[in-house]
Amino acid sequence: MEAREANKRQLEVWKKTLEYEIEMMAPYSKSACTAFMDRLVRFELELEQQAMFPPEKVLVSSNVPHY
């Protein structure tokens, strides 16, 4: 499996997990889940950009922090 496909699959798992957590634990963990969702959205955008511009053609690295 290619890294991009694995990343996309992991992203979907995280999204489903987060949706469940928000439903079951809100409001206790909502702020943490919101921050995590923001990071997932940035990660998803980065994956989309990499699809449009493969890494060997990218000249500027991403500013998205990796946790």
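All values below come from the heavy atoms of this structure, side chains included, with hydrogens, waters and symmetry mates left out. Source: prediction; values computed, not measured.
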[atom1]-[atom2] distance between [X] and [Y], expressed to the nearest 0.5 angstrom:
| X | Y | atom1 | atom2 | result |
| --- | --- | --- | --- | --- |
| K15 | F43 | NZ | CZ | 11.0 Å |
| T17 | Q10 | OG1 | CD | 8.0 Å |
| W14 | R39 | CH2 | CZ | 9.5 Å |

When you compare the side chain of E44 with that of K8, does any pair of heavy atoms fall below 4.5 Å? no
Report yes if some heavy atom in the side chain of R4 is under 4.5 Å from a heavy atom in the side chain of N7; otherwise report no.
no
Problem set entry | Neighbour count above 12 (heavy atom, 6.0 Å) for E5 CD | yes
